[in-house]
Protein chains: 2
Amino acid sequence: MTTIRDVARRAGVSIATVSRALHGLPRVSEATRQRVLAAAAELHYVASPSAASLAGGQNMAIGVVAPSVNGWFVATVVHSAERLLRPAGYDVLLYSLGVDPHERSRAFAGNVLRKRVDAVLVVGIRPEPDEIAALSAVGGPVTVVGAEVPGWASVRVDDGAVGRCAVRHLLDLGHRRIAYIGSEPEGPAEPVASAGRRAGYRDELTAAGIALDPALEVDGGFTVRGGMEAMDALLAAGPPPTAVFASSDEMAMGAVHVARQAGLRIPRDLSVVGVDDHDMAELFDLTTVAQPVYSQGVMAAELILRRLAEPHRDPPALVVPTSLIVRGTTAPPAGSDTG
Amino acid sequence: MTTIRDVARRAGVSIATVSRALHGLPRVSEATRQRVLAAAAELHYVASPSAASLAGGQNMAIGVVAPSVNGWFVATVVHSAERLLRPAGYDVLLYSLGVDPHERSRAFAGNVLRKRVDAVLVVGIRPEPDEIAALSAVGGPVTVVGAEVPGWASVRVDDGAVGRCAVRHLLDLGHRRIAYIGSEPEGPAEPVASAGRRAGYRDELTAAGIALDPALEVDGGFTVRGGMEAMDALLAAGPPPTAVFASSDEMAMGAVHVARQAGLRIPRDLSVVGVDDHDMAELFDLTTVAQPVYSQGVMAAELILRRLAEPHRDPPALVVPTSLIVRGTTAPPAGSDTG
DNA sequence: CTGAAAGCGCTTACAG
DNA sequence: CTGAAAGCGCTTACAG
């Protein structure tokens with residue numbers, strides 16, 4: 001293996017000088033620097049990250065903690081963040097938590113990341129106290145996408161507003177019996193966003209004088225399949241809703257499919273609103289509350305890089321705007337004046 | 001920071017013994033091992049991966065090289081592979097290549113990975129000679145999903161068969177003017193699979209005595225948007241096809257959408273077949289050539305772990321089966337007997 | 001501007 | 001079964 005020693009020998013300098021020259025540090029003459037660079041190139045030298053970390057104290061790596069890259073929101077955020085992190089010299093270490101929250105302690109993520117990464121990016125989960133402690137123990141700054149944690153930088157949408165916006169749209173159309181598809185209610189591992197959107201859903205219904213019906217709040221696990229199962233559950237139970245607010249487009253699309261299979265016409269017999277404006281929402285003609293996903297990844301990466309450069313700045317809590325996009329899956333209920 | 005020295009002191013042993021005990025190596029008395037484990041736990045000790053790598057020669061990390069995690073196939077493979085790699089003690093280092101092949105040399109990936117990872121997983125790209133050289137220089141075994149490279153382990157489908165299968169289905173329905181949506185033809189960075197599927201498409205048409213029409217082969221970039229643009233191009237040029245074979249479901253769904261926007265009825269006026277059996281293919285009622293994506297990720301991870309354990313085994317080249325799933329986007333052409 | 005040297009925190013023969 | 005010591009390949013004060 002080619003080491004810094006080989007480069008030093010070839011360039012006729014000490015290893016200290018090689019290190020300085022390669023890092024572009026001052027106090028190296030231009031002539032020497034060129035000689036070192038040439039030697040390193042000829043030998044195809046690549047510094048050992050392990051050795052550099054051990055000696056220098058920096059890992060040049062960012063840990064990404066997410067429920068699963070196998071999901072549109074997370075994949076998009078991770079991808080966009082990596083596009084900034086990589087050019088800045090940082091590696092991206094993926095740490096997917098299991099889909100099943102009980103499968104293994106999520107706090108475990110903190111230990112795996114310790115002494116490995118310089119900063120952590122948390123995507124799509126609302127960390128609980130023990131997880132916050134574990135991730136804090138990692139040592140570097142933590143940035144969260146999709147939730148707000150005191151003391152950490154964050155980028156997110158206003159989930160309460162998202163829920164209210166979706167439900168208001170349905171109420172305006174004349175719906176009164178509106179279901180909510182999110183994640184398991186306030187479980188120990190409720191995914192990011194669901195709690196806030198559920199709260200917005202409840203607030204808006206309550207404000208309209210509509211009583212909440214627990215049977216109308218079901219678990220969709222934030223996947224297409226989960227959305228299908230949720231719709232199945234809604235159709236199996238009592239009187240069906242005339243409208244559904246799903247906390248993600250993936251769940252919304254699953255719900256639409258199952259409803260159609262059951263013979264319901266969308267939107268005549270059932271209106272459906274999602275959240276995200278997923279790549280395929282337009283193809284699906286899905287009404288949704290759009291959020292800027294790619295931008296949130298970029299903003300998170302910028303926050304990370306800035307805090308790494310200036311550790312003492314206050315971590316900002318950014319909120320990005322959302323907007324309702326009305327497409328073909330929502331309409332007044334069948335029996336209404338306009339129906 | 002807690003180091004191995006602190007644990008040694010607390011347990012009343014040398015650091016060598018701590019290292020052995022923590023790694024479960026033999027030649028440590030049970031009593032000593034327990035004492036060390038207890039001390040490590042009390043101190044919340046986590047070994048420094050950098051120091052361990054430097055001293056031990058192993059990085060305990062796998063590099064994943066893929067075009068972009070922001071794509072269903074890649075995200076699913078990466079996710080499933082990680083589910084085996086992580087429990088085996090390996091970190092997953094994500095290295096997404098830019099979408100734009102000219103953006104930066106893909107061979108660069110090799111250098112970034114050198115001295116960082118113990119093995120490489122290549123997903124969704126067909127490495128070119130210089131890339132093969134660069135990734136070989138990484139030192140560890142390389143495993144490829146979606147292509148076959150001599151000397152490397154691989155898991156893939158038979159892309160030629162995929163193309164022939166899709167086209168045969170369309171021919172059987174009576175179509176004669178069939179378009180192909182894939183990636184840029186034989187460009188310097190043609191994504192995995194497209195070349196093979198294109199070849200299968202051409203072979204099957206030729207075997208049926210149908211002349212190839214270059215105007216019917218368009219670029220869809222393996223994204224929803226790309227599929228939309230490809231369909232736009234097909235509709236803008238000469239006489240439109242009566243059927244389209246798209247090399248991925250994402251492109252197929254984009255194509256279906258644009259065709260519908262243009263007033264075509266699917267499948268009456270245009271049949272469309274995709275590849276993958278994407279999560280949403282069923283919702284879209286899309287006819288497709290299904291491939292086991294999750295399994296390919298799992299198999300790849302198994303191949304990696306096995307080769308890491310037994311470096312001298314021959315790297316297998318696995319081929320997994322595909323199957324045509326006929327749904328609602330294909331039918332005989334409008335003017336046919338059955339139409 | 002440059003070099004010698006200490007030290008980062010481990011693993012692993014080598015002795016005992 | 002256990003420990004002392006060398007060494008992995010760098011970075012970074014400290015001298016000069």
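As the structure is a prediction and not an experimental result, all values here were calculated from the model. Hydrogens, waters and symmetry mates are skipped; everything else that's a heavy atom, side chains included, is used. To find a chain, count down the sequence lines: A is the first, B the second, and so on, and within it residues start at 1.
Atom CZ in B/Arg9 sits roughly 16 Å away from atom C1' in D/dG3 (whole-Å rounding). Atom CG in A/Leu25 sits about 10 Å away from atom C1' in D/dT12, given to the nearest Å. Between A/Leu43 atom CG and D/dG9 atom P there is a gap of 15 Å when expressed in whole angstrom units. Atom-to-atom, CD of A/Glu30 to P of C/dC1 comes out at 10 Å; the value is rounded to the nearest Å. Put simply, CZ on B/Arg116 is 13 Å from P on D/dC10, counting in whole angstrom units. The distance between atom CD1 of B/Ile4 and atom P of C/dC10, rounded to the nearest whole Å, is 5 Å. Separating the CD atom of B/Gln58 from the C1' atom of C/dT11 is a distance of 11 Å, rounded to the nearest angstrom. Between the CG atom of B/Leu54 and the P atom of D/dG7 there is a distance of 14 Å, rounded to whole Å.
Side-chain contact annotation: B/Ser154 with B/Glu148, donor-acceptor N/O pair under 3.5 Å absent.
Screening A/Val149, A/Ile132, A/Val64, A/Val142 for a side chain to side chain contact (heavy atoms under 4.5 Å, CB included) with A/Val122, the sole residue that qualifies is A/Val142.
Between B/Lys115 and D/dC8 there is no side-chain N or O to OP1 or OP2 distance below 4.0 Å. Using a 4.0 Å cut-off, some side-chain N or O of A/Tyr45 falls inside it from OP1 or OP2 of D/dC10. At the phosphate of C/dT11, OP1 or OP2 sits under 4.0 Å from a side-chain N or O atom of B/Ser19. Phosphate contact (OP1/OP2 of C/dC8, side-chain N/O of B/Ser48, threshold under 4.0 Å): absent. For C/dG3, the OP1/OP2 oxygens have a side-chain nitrogen or oxygen of A/Thr17 closer than 4.0 Å.
Between the CG atom in B/Leu97 and the OG atom in B/Ser68 there is a gap of 9.5 Å [rounded to 0.5 Å]. Of the inter-residue distances, the one linking A/Asp130 atom CG with A/Leu135 atom CG reads 9.5 Å to the nearest 0.5 angstrom.
Among the nucleotides C/dT2, C/dG9, C/dC8, the one closest to the side chain of B/Ala55 is C/dG9. Of all nucleotides listed (C/dT2, C/dC8, C/dC14), C/dT2 comes nearest to the side chain of A/Arg27. Among the nucleotides D/dA4, C/dA4, C/dC10, the one closest to any side-chain atom of B/Ala16 is D/dA4. For A/Arg20, counting side-chain heavy atoms from C-beta on, the closest listed nucleotide (C/dC10, C/dC1, D/dC14) is D/dC14.
The nucleotide C/dA4 finds no pairing partner, because no Watson-Crick or G-U wobble arrangement with both distances shorter than 3.5 Å includes it.
Within the 4.5 Å cutoff, the side chain of A/Tyr90 has heavy atoms near those of the A/Leu305 side chain.
Residue contacts for B/Thr32: at a heavy-atom cut-off of 4.0 Å it reaches the sugar-phosphate backbone alone, with no base atom in range. At the heavy-atom level, A/Ser53 lies nowhere under 4.0 Å from the strands shown.
Comparing B/Ala51 and A/Ile15 by the nucleotide of DNA chain C whose heavy atom lies nearest to each, the residue mapping closer to the 5' end is A/Ile15. Residues B/Gly56 and A/Gly56 both approach DNA chain D. Their nearest nucleotides, taken by heavy-atom distance, put B/Gly56 toward the 5′ side.
Checking side-chain atoms of B/Arg20 against main-chain N and O of B/Leu25 turns up no donor-acceptor pair under 3.5 Å.
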